[in-house]
Each structure stands twice: as structure tokens, then as C-alpha cells.
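I have placed the structure first, in the form of C-alpha cells, so that the comments after it can refer back to it.
Reckoned from all heavy atoms, side chains included, excluding hydrogens, waters and symmetry mates.
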Amino acid sequence: MSATVPEKPTLEGLEQKFSERWEGEGTYRFDRTRTRADNYVIDTPPPTVSGSLHVGHVFSYTHTDTVARFNRMNGRNVFYPMGWDDNGLPTERRVQNFFGVRCDPNLPYDPTFEPPPTPGKEQVSISRPNFVELCKRLVVDDELAFEELFRRLGLSVDWSLLYTTISDRAMRVAQRAFLRNLARNEAYQQEAPTLWDVDFRTAVAQAELEDREMPGAYHRLVFRGVNDGADVLVDTTRPELLGACVALVAHPDDARYQGRFGTLVHTPWFGVAVPVLAHGLADPEKGTGIAMVCTFGDLTDVIWWRELALPVRSIVGRDGRISAEPPDGVDAERYQAIAGLTVKQAKARMVELLDECGGTVGEPRAITHPVKFYERGDRPLEIVTTRQWYIRNGGREADLRATLVERGRALRWFPAYMKARYESWVEGLNGDWLISRQRYFGVPFPVWYRLDADGEVVHGEPLVPDESRLPVDPSTDVPEGFTEAQRGQPGGFVGDPDVMDTWATSSLSPQVAGRWGDDDDLWDRVFPMDLRPQGHDIIRTWLFSTVVRSHFEHHSLPWHNAALSGWILDPDRKKMSKSKGNVVTPIGLLEQYGSDAVRYWASSARPGVDTAFDEGQMKVGRRLAIKILNASKFVLGTGDVAADARATNPIDRSLLSSLAEVVAEATTAFDAYDHGRARERAERFFWTFCDDYVELVKNRSYGVAGAEGARSASATLGLALSSLLRMFAPHLPFVTDEVWSWCQPGSVHNAPWPTVAEMHAASAGPGDPLVFTVAAEVLGAIRKAKSDVKRTLRTEVVSVVVRDTEARLGALAAAIDDVKEAGRVVGAFETVLVADSDLASTGVTVELAPPDEPTISGSPTSAAPVEAPERSSEPPSETPSGETAVPPAETPVPVAEPSA
RNA sequence: GGGCGUUUAGCUCAGCUGGUAGAGCGCCUCCCUUACAAGGAGGUGGCCGGGGGUUCGAGUCCCUCAACGCCCACCA
């Protein structure tokens, strides 16, 4: 076949051209007729659709794409879907800000509602159906923008497999999985103290917590013995919860309090009698060694409350304010002092009151201490008692926990040390997985409850739909045996008002992407999957929860391998923040440097390693892409390669044997998900190939050494180029397919990954890597001699003396003609044998032809005046391919018409 | 408090099973050379975090310390 090389190759426009071509030709289409063993299946992370993509997305999705492409080229039928995680809090928050609305579930649906053109200062209250409509409207635009960016980035996903987590199909999967969990008692409902975000007004799971160091203060409160009036001093950081105090707790071995255990003390100000109790969790080192137990100040309070069977006396409501009504046992008049205040206001007021009544001693002592926050929240979490849905995750059962740890050990982790994070998380669980959220835009729980004759909800026996009805929305759908008229009526029913947390949906990403339950034929071809790529920050959430769901439903791991990518860091080594990341937009980078260049930067990272954002690397990537264009132009211009052409020349065989090593290393690296190393190996070889090999054989390829030498050079150049293009294809998909299109039918992305056997087959005999190495080194010495005296590389060389060992001189002898051509050696080329024991004597001496013009300063290596013509090499009379011969250098090149 | 990771040239990082310290960027000196000036050639630059060990030999293995980052922890 004949190559069609553009006159001026360019990177411009390749993204557009090839993303369209790949889509049109179905280059990345999953073939669902092939069986599980043929397939390579990726559980792509569905990015959260809540605005714009971040540089970090470009980074990590590129990693996965290189792996997908590598496997595709190795003959695997790649299942590479994309999903949009569009349900959940981020979308709700974005909708609120974007449209200036808030959801009020009590409002009726307004079919004519339109949001204000620009958000006003006051948020407009709208019904839940209206709110959901706006959510869906907003994510459509975002999702289109995401898809465009990912296509431009060159992700080789099969877009026909696209899913969204709010789609009916995903809802059906999530509801079906939940109902099965419920039927097997893996999901349950419980009324219990729950971590609660007062701004979002929803329960929060353990996995979504983060600690933040916050300023606080110890206040020393004075409790008085009911019988003896003796003071018991207690340090607390939360005096506002005094009204919720139900006990004091000290360590059972603490001698200071042993006499008090079992007695009652009065709380200051309120004068409520509470018991002094013993519990091993009390820390004698903290404060005065005795703690105030409130319902509920923190998770330790919950443990004490449960294990010591204490009463509930809660005063903080779901809105983060002190409840209007006092709890049992608290004086109503006194309570009025704080009723209705925010927690923060109540703290200030309570301290005043305590100071006034002598309830405190000393000044507050300022401290900083870790406080639990919802990871997206702005105010500390409170603990309120609510009814919630849970899925068992081993947090309460040691056997299940051990089993899930074992699942994690069976998974292959890249890098391996990430496994430790999984284990420490699972082993540290202290409760089951809270999956219900008191929000609006998510998958509803597919259950209803009966109302008894008094209109009270009967939670114990939820009404569930048949799986064939899924998905259902219990706020509009009706349970079997009821009519809509019975909704909310005594003896009737109500729908569960809650939605599933977004992790409860995305934990089913394999089932959603593989269409579990909807398309079992497909499901059987993709599950268990091969790879879960994701960030290491969501091991405890997404990775673990996916393992849990798969364990319950399929009794297996969801995938065989997990590849964790690191963070993008600012150049100053801080984690790149959203605000900074949005300054440098991904699309801007792709426009400025080209997609291949940005991918080059991204693919340099090792698995799991944080990487600095570095535009310099993008410039390097762009240069590599341009170099590929130019080198390919040269190689493809050396003439067509006959199908049976073999590398016969020793230096050509030498190159192919080096290339075989590179192929082997790149393959090994990719098999271990080390795309960065794979690319680095190919890249290093490529530059040597360009700088040394191409220079060495350039003239021979033109035919200066005869037809056979040219054939051997062309065959080697052609195979090396083809192999390099294929090894670069996973990283630089655009430029490689561009070059491929000049000389081959089809796409490089469907071409086979190069193999060692392929290199051997193209070689007429075994190659000695030393031949090329030594030839390149001698050529380098000749260049250096010219560079040292600031002469042009065209300068002719009148003599070369190489002193080296027998093995290396032997290797050099096999390449001597090419070295002389490339170095412009017109005079003597001597070799001097050096004993292996005398390596210090090795070296290369070069004598250059004198400069044309007399120079004032003589150069050290051209001291001897030698008469030499400036040009002496014979131009090739004919080239084997029959193309136009290269004209002699001294002849001015005429502006010729193209020869027919 | 427990665990994991990192520490190599001014910067970003390779360096795998121990065998004379590497790349790119930057900087310096050159070169328009018929694939490429959006190039090319050459060069400068390192007590491989500190200390101790094992070894003929340690950036690499062991111990220890330190700094930085992250994960986990029942943090009154």
C-alpha cells in the first residue's frame, strides 16, 4: 500500500476529525455477541454532574482510557461505558443556586411554573415535582457539556452504553436491589440517634463525615450531690446541651469518683437530678475525668446512652435550634431561657446563666478540637433521633465485617498499598450503612406504610411492590390493594418520603451499566467485571459499598482489579481546589495544547500517586506529538516497504532487538496498570530512534549503499514506526491515528498491540543490541567534536580513531558504513583494540576538515591543515522505490512541478 | 494514638530482583542539517532527608530518627 503524507502535517483539528470518525465507524463499540472470557469490562466512575468537569477528571479518566485502549489492542472486547451521577445533593444544591429556588414538599405541583430568569435574593419555594423537573433540566445541559469534553479528550468509551443514575433504568436497579436486601433482612429500618446536618436537614452516613479542627472552650460546670451537696466539677465544650444531660460518667477505676457511683447530682441552673455512673470509655485524663452525658452531644454519648440504658432528653431539633418544648424532667420556665435559640446562641446564653447562678467555676479555657462535619456541610453535625433505612455492612456484626475484609483482600489493588485503607475503614466501622436521605432528587424508597385507625403510621410492615412494577414513586404510585383516595387517610397508606443516598445508587454501578435484571444476556457477558478505576478518596464510600452490594446480591466481588488514581496537586503541592481548578478549565487546556498533549501529562502518573499540575509537561507532550508527525512523514517518505522485506543489515536487526525489549517492558507495565512506565519506555526509544537510528540509516534508506541496504532500512523504519505508533496509541490517540490513516486502512486503535514475536519475524536473523548502541555512541562523539568547536554538523571529518574493546569494536564494524555516512566521515576510520582490563584507554578521536573561511582563533581538533573539498559524497543515482532521487546538496533545488 | 505513603539535579520525576547516579523542564554554548526551528547538537548541575547496620559493594536490603502528605480512631 502506498502512503499519502500531507505536505505540512499538523495537529490542528485532529480532535474533531477523529472523534467524529470513531463515532461513525464504531471504533470502540462493544460487541455483545462475544463471551465473558473475551471481554474486558470497566466499571467507569460516573462523574457527579454538578457543574463543570475539573482538571482532575481529565487526569484520572485518561488513565482508565489508556488501559481500555491497551486491552482493546490486545484483542479484548472492551466494555467501557460512561455514566452520569446526576441524582443527589450536589445537583439539588446546584439547582437551588442556579435557579434561585428551594423545595417545599408540601406545595402542590404547578405545571406552569417557570424559574426566574436570574436568581433573586430570596429563594422561590416550589413543589417537589417542580424541583425535580428543574434538576433534570439542569443536568441535561451539564451532561452534554461533559460528553463533549470527554469526546474531545479522546476517551474510547462506547457512548451507546451511557447511563444516568436518575434514569428509570437505574432507579429500577436500585429499587430492585433494595427490595431484595429488604427481603433477605440485609436492609432494615430503625429509629435511632443519627448524625444530622441541620442545613441540609438530612441524615448523614459515617462515610460522609470528616473531622475539622475547630476552636472551642472547656467550661467547668458545678454539679451538686443531691444528698451531700458536694461539688462535682465537670468540663464540657457544649454547655448549651446541659438541658439534655442525663448522667455523669467516670471510669470505674477512677478513685476520685468511686464513692459517687450510683448517687445522684443536680445539674446547675436546671437542677435536674442525674446519676453518676461508671463506664470504661470515660477517660480519667480528660478534663476532670468525669463527663457529662447528653442526648446527644457526640457519638460517645450515644454509646453511653445505649449501654447504660439512659433516658432520652433531647433538646436539639432537626433545624439546629433548641426545641420549643422542654424534654421530660426539665423545668419549663427555666427552659424558656434557651428555647428556640440556635445552638450557637444557646451556648452563649447558657454560659451567661451559669455564670450568674454560680454554675461555673473559673474562666473558659480555649482549645481547638476535632468536630464532626458532613463533608459538604458548613455547620457541625448534631445528633438527632430519627427513623432511617440501613443496609448491613459489618458495622454491627463481626462475622460480616470479617467476610467483607476478606473480599477486599481477594481484590487486586493497584497500587497494592491502597488495600490497607479499605481494611482500616472496614475494621473501624461502628454502625450499619445509613442509606436514607430526607431529600428530593434521588431514587425513592419503593415502600408504603399502612395507617392505623388513628392515622398513625405502621412502620413495622412496609408494603412493597412487585418487582415488575419498578420503578415506582410511592408519592404518586399506590400500593396494591389501595386507591389514591386512601393516601394519608386513617386505615389507608402513606408513601415513604425519603430517597436513597447517592452512594446507595452508585454502589450498583456494575448492575446499572450491565443492565442487571433488565438484560440478563448482557449481564452474563460482563459480570464480574475486570476493573474498577477510581480515586483513593472514595475507597470507603464507593468502592466499599459496591463490594457490599455485590456480596449480598451475587456472592462475589464486583470486579477483579481496582486501580486507584491520585490527586491533582497545585504546583505548590496543595490539593488543587475547586476554585483554582476552575480557573484552569479542562477545555481551555485542550484547546491550548491539544488533547494528546494534555493526555501526555495525565498519563505520566503512576497509579495512586498524587501528581502536580504541570503545563510544562503538556508542552512536552505537544512537542512529542509534533515529532511523531514529522518522523512519520520522513519514514513514510522513504518508500513503500515490500510485504516480504526483512531487516538484513546488522544495525537494523540490532534496532529491532532493542525494540522487542521495549515492547516487552511496555506490555509488562501496562499489565500492571502502570501506563506511565509503558509510555516512558516507548518515548525513550522513540527519541533514540529519531536522533540516532534515523540519522544513521537516512542515507542508506535513500539508496547510497544499494538496493538491499535500502530495503532493510525501509523495512526496519516501517516496522519501528508502526510499533511506536501502536505503543503511543493508548496515550496519544489522535496523532497516532492521524499518521495511521496516512498509510493503513482502519484505525490504529483496532490494530494489534506490538509483540516481541513480530519483531523477531521481521528480522532476517537475531540482532545484537550492541551494534546500534555503539554506532550511536560513536556518532555522538563525532557530533560532540563538531559542537565543541562550534562547527556545523555538516562539517566533514577527515579522520576518526576509535579505541575500544573487542566486543564493541566488533559491533561497530557491523555498522561502520552507516556511521561514516551519518557523521560525514570522508577520511580514515581507524579502530584500536583496547584490552577489557584497560577501559580507561577507550575513546574516540575526531579530526575535522578545516573551515572554509580562515578564522582567527584556531580550533584544537583542526590544527592540521587538511585540504578537503567541502562536499564529496556522491548523490544517490537512483532509489529502490523509484521515487525522485534526492538531489545533490550543492545543486540549488528548483521549484519543480510535481512529476506525474 | 494506630497505619500507609513520600523524601534522588533549581523544578517535575524515573531508577524493578544490590554492581561506576538518569530523563524531561530550566539554564549555558552552538547549529537553518532535504522529516522536523512548534526543530537539532553539545554542556552545566546531585554527601540519592539524617544516623546506624548487613555486604567485596547500598539510592536500592534491615534498624532508627526527622520532615511532609494521606488514611483510620469512642476527639466529654
### Query
Salt bridge check: are A:Lys698 and A:Glu695 linked by an N-O gap of less than 4.0 Å?
yes
### Task
Hey, can you tell me if A:Tyr693 and A:Phe689 have their rings parallel, tilted or perpendicular (30° and 60° cut-offs)?
parallel
### Message
Pick the closest RNA chain B nucleotide for A:Arg684 and for A:Lys633 by heavy atoms, then say which residue is nearer the 5' end.
### Response
A:Arg684
### Query
Counting any heavy atom closer than 4.0 Å, what does A:Leu793 reach on the DNA or RNA strands: base, sugar-phosphate only, or nothing?
base
### Task
Could you give the distance separating B:U55 and B:U12 at their P atoms, to the nearest angstrom?
38 Å
### Query
Applying a 3.5 Å limit to both distances, which nucleotide forms a Watson-Crick or G-U wobble pair with B:C48?
none
### Message
Starting the side chain at C-beta, find the nucleotide from B:U12, B:A38, B:U33 nearest to A:Asp614.
### Response
B:U12
### Query
What nucleic acid atoms does A:Gly428 come within less than 4.0 Å of, heavy atoms only: base, sugar-phosphate, or nothing?
sugar-phosphate
### Task
State the pairing partner of B:G69; accept Watson-Crick or G-U wobble contacts with both distances under 3.5 Å, and report none otherwise.
B:C4
### Message
Please determine whether a side-chain nitrogen of the Lys or Arg among A:Arg622 and A:Glu12 lies less than 4.0 Å from a carboxylate oxygen of the Asp or Glu.
### Response
yes
### Query
Taking the same atom, C1', in B:C48 and in B:G15, what whole-Å distance lies between them?
10 Å
### Task
Pick base, sugar-phosphate or nothing for A:Val694, based on heavy-atom distances below 4.0 Å to the nucleic acid.
base
#### Entry: Side-chain N,O (A:Arg623) to OP1/OP2 (B:A38) below 4.0 Å
no
### Task
For A:Ser787, report the nucleic acid contact type (base, sugar-phosphate, nothing); a contact means any heavy atom under 4.0 Å.
base
### Message
Roughly how many Å apart are B:G22 and B:G59, using the C1' atom of each and rounding to a whole number?
### Response
12 Å
### Task
Answer yes or no for A:Lys286 and A:Tyr218: cation-pi contact, defined as NZ/CZ to six-membered ring centre under 6.0 Å and angle to ring axis within 45°.
no
### Query
Is there a side-chain contact between A:Leu429 and A:Leu404, using heavy atoms and a 4.5 Å cut-off?
no
### Query
How far, in whole Å, is B:A38 from B:G57 if one measures between their C1' atoms?
47 Å
### Query
Is the shortest heavy-atom distance from the side chain of A:Val246 to the side chain of A:Trp304 under 4.5 Å?
no
### Message
What's the gap between B:G45 and B:C36 when it is taken at their P atoms, as a whole Å value?
### Response
34 Å
### Message
Given B:C72, B:A76, B:A35, identify the nucleotide with an atom nearest to the side chain of A:Trp425.
### Response
B:C72
### Message
What is the distance, to the nearest angstrom, from the CD atom on A:Glu680 to the C1' atom on B:G22?
### Response
10 Å
### Query
Atom CD of A:Glu683 and atom P of B:G15: how far apart are they, to the nearest Å?
15 Å
### Task
Please tell me if the side chains of A:Leu848 and A:Lys786 come closer than 4.5 Å, counting only heavy atoms from C-beta onward.
yes
### Query
Taking only side-chain nitrogens and oxygens of A:His369, does any of them come within less than 4.0 Å of OP1 or OP2 of B:A76?
yes
### Query
Roughly how many Å is it from CD in A:Gln592 to P in B:A38, rounded to a whole number?
17 Å
### Task
Compare side-chain N and O positions of A:Arg677 against OP1 and OP2 of B:G15 and report whether any pair is under 4.0 Å apart.
yes
### Task
Determine the interatomic distance between C1' on B:C32 and the same-named atom on B:A37; round to the nearest Å.
7 Å
### Query
What nucleic acid atoms does A:Lys784 come within less than 4.0 Å of, heavy atoms only: base, sugar-phosphate, or nothing?
sugar-phosphate
### Task
Round to a whole Å and report the spacing from CH2 of A:Trp567 to P of B:C70.
10 Å
### A:Asp283 CG - B:A73 P separation (whole Å)
18 Å
### Task
Look through every strand shown and name the nucleotide pairing with B:G39 as Watson-Crick or G-U wobble, where both distances are under 3.5 Å.
B:C31
### Task
Tell me what A:Arg212 touches on the nucleic acid: a base, only sugar-phosphate, or nothing, going by heavy atoms under 4.0 Å.
nothing
### Message
Using whole Å, what does the distance between atom P of nucleotide B:A73 and atom CD1 of A:Ile303 come to?
### Response
12 Å
### Task
Inspect the contact between A:Asp235 and A:Arg365 and indicate whether a charged nitrogen and a carboxylate oxygen are less than 4.0 angstrom apart.
yes
### Under 4.0 angstrom between A:Arg540 side-chain N/O and B:C72 OP1 or OP2
yes
### A:Lys790 vs B:A41: side-chain N/O to OP1/OP2 distance below 4.0 Å
no
### Nearest to side-chain heavy atoms of A:Val620, which nucleotide of B:G42, B:C71, B:G24
B:G24
### Message
Students often get this wrong, so: under 4.0 angstrom with heavy atoms, is A:Lys698 touching a base, only sugar-phosphate, or nothing?
### Response
base
### Query
How many Å lie between NZ on A:Lys8 and P on B:G39, as a whole number?
11 Å
### Message
Aromatic contact between A:Phe686 and A:Phe728, with the criterion being ring centroids under 6.0 Å apart: yes or no?
### Response
yes
#### Entry: Shortest side-chain distance from A:Arg421, nucleotide among B:A76, B:U33, B:C71
B:C71
### Message
By the 4.0 Å heavy-atom rule, please label A:Cys294 as base, sugar-phosphate, or nothing.
### Response
nothing
### Message
Of the listed nucleotides (B:C74, B:A76, B:C75), which one gets closest to any side-chain atom of A:Asp211?
### Response
B:C75
### Task
Using the P atoms only, state how far B:G53 lies from B:G10, rounded to an integer number of Å.
29 Å
### Query
Which listed nucleotide (B:C71, B:A41, B:U34) is nearest to the side chain of A:Ser424?
B:C71
### Message
Nearest to the A:Gln206 side chain among B:A73, B:A38, B:A76, which nucleotide is it?
### Response
B:A73
### Query
So does A:Arg606 get a side-chain nitrogen or oxygen closer than 4.0 Å to the phosphate oxygens (OP1/OP2) of B:A14?
yes
### Task
Find the distance A:Asp298:CG to B:A73:P and express it as a whole number of Å.
14 Å
### Query
What does A:Trp687 touch in the nucleic acid at a heavy-atom separation under 4.0 angstrom: a base, only the sugar-phosphate, or nothing?
sugar-phosphate
### Message
With rounding to the closest Å, how many angstrom separate the P atoms on B:C4 and B:C11?
### Response
29 Å
### Query
Under 4.0 Å between a side-chain N or O of A:Lys786 and OP1 or OP2 of B:C31?
no
### Message
By nearest heavy atom, map A:Ala291 and A:Glu695 onto RNA chain B; which one lands nearer the 5' end?
### Response
A:Glu695
